[in-house]
Every structure is written in C-alpha cells, then in structure tokens.
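Report on one structure; see the data block that follows.
Just so you know, these numbers use all the heavy atoms, side chains as well, and skip hydrogens, waters and symmetry mates.
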Amino acid sequence: MLFLIFVCLFSSIHCRIHNLNIFDDNRQQILLSTFGFLRGGSMTLHVTDFTYDHPGIAKDTIFGFSIDKAKTSGIANYLQTRKSQSCGFNQNDQVNEIPHAHFVIDHKSETPKIIVERYTRDFDYLEIQYEKQATTNQTLASNTAQTVKVNETLVKEIPIERIGGNTDRFRFQFQILIKKKGEEGLYNLYFLNCYNRTDVPLSQRLLHINLTATLIEKNLENYLSAGELPLPVLYFTWAVIYFLSGFYWIFVLRTSKHPVYKIHYLMLFLVLTKALSLVFHGINHHYIAIKGRHEEAWAILFYITHVLRGLLLIVAILLVGTGFTFVKHVLSGRERKLFIIAIPLQILAVVAQIFLEEKEESDVVYVTWRQIWVLIDLLCCGAIIFPIVWSIRHLEQSAKTDGKAMSSLSKLKIFRQFYFMIVLYIYLTRIVVYIVKLTVPFRFEWLQVVCFELTTFVFFTFTAYKFQPAPNNPYLTLAQESDDEDPEMDQPVIQNPVFDHVTKVNKKPRRFLPKLSTRNPNDVLTPDEDDEDGYHHIQMSSTQV
C-alpha cells in the first residue's frame, strides 16, 4: 500500500526541469521557481501555451514575468512579500538597490512581443537570447536550439507568436545567461497578473490565466542550485558516519554483560534506517544533478526509508519518555492514547513533506501543504515533549509521597536531562536550521543540512550514552533496584494504627530487643528502664497467657 502511494506521488515529479501547468488561476503573483545561479548558469523558459479569459476586459491589463536577484533566502522572501502587496511591475514598489528585470508581455499590438526592462547595475548587461523560430521540446532540452546572440546591443524585445491566429493565445521562448560575477545570486522567477491587484474590490478580480511551460535551470552541466551542489557528497558522508555508529552499537550490544532491552535494538534499527535514508537521498540528488530529474526507483526507496526513520524516531522517543521498558513494562491509558495520536501525526507529517518537495512552487496546493507541514510538525514536537513532562511530574510527586526520595530524584534528574536534549533538538532542527537558511549566502545553503545532521547525530549519541546497557548507568541501575526490592517491604504488618510501631522481629535492630527480667521469672517480657529507645515494652505473665 505504501509503495502504491509513492508511485502515485511520483507521477507528478518535475525536479529541476520544471513542467509548469497552471490552469484557471487568478493569483496576482505566482512564484515559478527559486534557484541559485553561479557564473556559467542559465535559465531557459519555453512557454508552449499562454492564454487568458475575458479578452475584452484584459486588453488594458499587464501580464509578464519578473526576476529578482538576492544574496540570501531572507532577502528573497522579503522581496516576495513586497511584490504580493501590489503589481510587481510598479517601479515604486521595488527596492531599487535589489537587481531585478521585467519581461512585460505586449499582447495588444498587431505584432505581440515581450518588452525587457533591466534595473540596477548588476542587470544592465544581463545577456538574454531567444529563438528565431519556434522549435520542438527536444531541441530545447538539448540546449542546441538556434538563438540570436547579441554582442553589441542588448536584447530589449523578444518576439512572441500567436497560436492559431487567436488574439489571446501565445507561445514564446527566451534564455537568460549568467556570465558575470556580479550576476550570480538567488533568482526568483514570478509570473505577474496585474489585473488582479490586491487594491481593487474582490468582485473585479475575475481574470484567469492558463500557462503551460517548461523551465530548465542549470549551473554549467549541473542541475542543482548553487547552495545544493555539495549535497550528494554530504549525504554520503553522513551515511558512512551513521553506518559506523550502528556497527559500534551492535558491538556494544553483543559484548554487553548487562541486560539488553528491546528498545536498544529499536535504537539500532533507527540508526541503520537513518543511514540507508541518507544513502538513497544522496543517490537521488546525484541523479538530479546530472539529469535534472529523479530516478524513480531510488527516489521511492528514499521516501520509504524516510518514513520508517521518522516513525522509529518518534516511537523511540515516546517509549523512552514514558519510561517504558526501563522502568515499567505497561503503558498507561493516557500514554496509549498519545501513541495513537502521535504516530498517525508523524505519518501525515512525512506525507506532507513529500508532497511539499515534489510539488512545483507554482502549484496552488504547494502553499497549502507547506502550511500543513508546519502545523503537523509543531504537533509532533508537542507529542514528543508531553510524555517526558508527565514522567517528570510523576517523579516529583513520588519523591514527596512514597518515601523513596533519593531514587525518585535520581530518576528525575535523568528525565530532566533527556527533556532538555529533546527541547534543544527541536529548537536546533526547526528554528536554528531555518534561520541559517535565511541568513547565510545563497551558495552556502548546504550549511543548514550540516546543522540538521550534526544536531541529530549529537542527539542520537546522547540518548545512546544515557541508556546504554552498562553497570554505571544510573537509569538502568535504578530500574533494576526497583525490580529487586522486596514487595513485602511496601506492605504494613498490621493495619491497626495501635500497632504502627510494631515491626518484624528479624528486621528490628539489636538494641530494640526486649530483655528478660530476673526479678519476675513469670514475666516473659519486662520493661527495661535503661532502654533509650523511647518504646514502652508490654509486660506479660504466664497466668495472663
């Protein structure tokens, strides 16, 4: 069943060669792609069909494309917000110092064309090429199409062709070449529909467009963005690290002379699954780099191991957080409900992430799934934290009520350390990683992967160290002590409160033993005036017995 789900998902995979299919869309701004270009990179856009409804009201509107160049993802997100506030072609709404270029579609004249407008010094000499005549997709994909090269003057107009003589249906193609150091950056490509402005009543925003296109982005012969170029090597390197860690954990479990619990093997499967996931992820990115698309077999293997890794991680954290296996062997009703909620949430979170990665940024559902992913991820983080908080509260109460303060406080200390590591893990992998992506230069976006994997590895190492089968492990020692305690010690000898101070004879200290009286031989027990224990001994005679 899981395999069939992945096959359905991969029917719409586009990767770095984007097949854009936008139908009946009335968004004012559509983000088509975000890609980091280095010198020698190129962006090729081949629009095979562009049309709009209501030609009468659309004659005075402006359609076209806009390209912004930023140094970081944070600036790119800021520009996207600014563009969404009004028509992106309005120069007054632009941040003038940020390089950008406009491709305005002049669809009203008898000879339709695209007017190219460059802004800022970085884009003054941005080289743009276009085909003399429309060619086939095969010619475009091979990057061997005949183009007009301009050496003396820059291209300011790109011809477009009407399809079937229709006045509202067009096709065209152009290519942008990054040839200078100053032109390098993180490029955002938008389609803008200025009729549907946000500053007009909603009832007037009725113009819909249809766009079918192919977008190819490359850095020389590599289809990965500038910030993703080191990712295949990084994933393979971390896979080797996790495999070595897994083999070492196998050695620890095999040579241990102390109890090995099932959760120790669960930790082993988690590490090995994580390593396999990284291997398949690296292979997946390798094929994207050389072909621009996934190899479906490797991509499906990656997502299957990715799902298993997520499930094993949340199950292991929940079991340790509830104290299951180590301290107790039965889950409470509340903990079982938590598992029933948390595990489906984790599955849904992974599915949301898969949809997010495989959908085009221009897709309407892309934004929806991104919001769903953030919400589910926060819920999963809460599900991870709750059992540890419950365990800490239970131990705090036990330290005050059950007379085992030292044992409970020792357990409490370890649970608090584990809780701190969980919170730190969530903070670093969710918030800090996102901040790193927004702030580092576009060519160093791979640092977010390093930050994520390093945090995950440290968390795995800390958990393995704290709960390893070793004699000096206070957590396991406390669990064994709890199992070895005499259950009769927790039961009162006599329930009558009159006999609260009566204990078993073999458990009574020597100084509490009664003395035989030499003054009255009929008495079995006599009070001892010299006793300093403060107890009043009962006097019994043979006649009374």
- Query: Does Lys218 count as lying over the ring of Tyr223, i.e. NZ or CZ under 6.0 Å from the six-ring centre, within 45 degrees of the axis?
  - Reply: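 Flagged: Lys218 positioned over aromatic ring of Tyr223.
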- Message: Checking Tyr425 now: which residues fulfil ring-ring contact (aromatic ring centres under 6.0 Å, His included) with it, not counting sequence neighbours?
- Response: Phe459
Not counting sequence neighbours, which residues clear side-chain hydrogen bond (donor to acceptor under 3.5 Å, both in side chains) with [X]? List them please.
X      : answer
Glu217 : His18, Ser33
Asn219 : none
Lys113 : Asp106

- Query: Any idea which heavy atoms bring Ala226 and Phe442 closest together, and the distance?
  - Reply: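 Smallest heavy-atom distance, with atoms named: CB-CE1, 3.6 Å.
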- Item | Short side-chain donor-acceptor distance under 3.5 Å, Gln175 and Gln173 | no
- Parallel, tilted or perpendicular, as decided by the 30° and 60° cut-offs, for the rings of Phe280 and Trp298: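 If you compare the ring of Trp298 with that of Phe280, the planes turn out tilted.
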- Any idea how Tyr303 and His306 line up, ring-wise: parallel (<30°), tilted (30 to 60°), or perpendicular (>60°)? perpendicular
Donor-acceptor contacts, no H, no angles, side chain residues 267-274, under 3.5 Å, sequence neighbours left out:
residue	atom	partner	partner atom	Å
Thr273	OG1	Phe269	O	2.6
Lys274	NZ	Glu453	OE1	3.2
Lys274	NZ	Glu453	OE2	3.4

- Query: Hey, mind stepping through Thr51 and Asn210 against side chain to side chain donor-acceptor pair (under 3.5 Å) and telling me if it holds?
  - Reply: CA-CA 5 Å; Thr51 184; Asn210 298 301; 5.4 Å; no
- Message: Atom OH of residue position Tyr419 - does it have more than 12 heavy atoms of other residues, nucleotides or ligands inside 6.0 Å?
- Response: no
- Task: Answer yes or no: does atom CZ of Phe23 have more than 12 heavy-atom neighbours from other residues, nucleotides or ligands under 6.0 Å?
- Result: yes
Once rounded to the nearest 0.5 Å, what's the spacing between atom [atom1] of [X] and atom [atom2] of [Y]?
X      : Y      : atom1 : atom2 : result
Glu127 : Leu154 : CD    : CG    : 8.0 Å
Ile385 : Ile426 : CD1   : CD1   : 4.0 Å
Tyr125 : Glu183 : OH    : CD    : 11.5 Å

- Message: Quick check on the 6.0 Å ring-centre criterion: do Phe172 and Tyr130 meet it?
- Response: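 No, the ring centres sit 6.0 Å or more apart.
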- Might you work through the side chain to side chain donor-acceptor pair (under 3.5 Å) test for Asn284 and His294, ending with a clear yes or no? CA-CA 6 Å; Asn284 202 24; His294 292 287; 2.6 Å; yes
- Query: Under 3.5 Å, side chain of Glu157 to main-chain N/O of Ile114, donor-acceptor pair present?
  - Reply: no
- Message: For Arg118, give me all partners under salt bridge (Lys or Arg N to Asp or Glu O under 4.0 Å), at least two apart in sequence or on another chain.
- Response: none
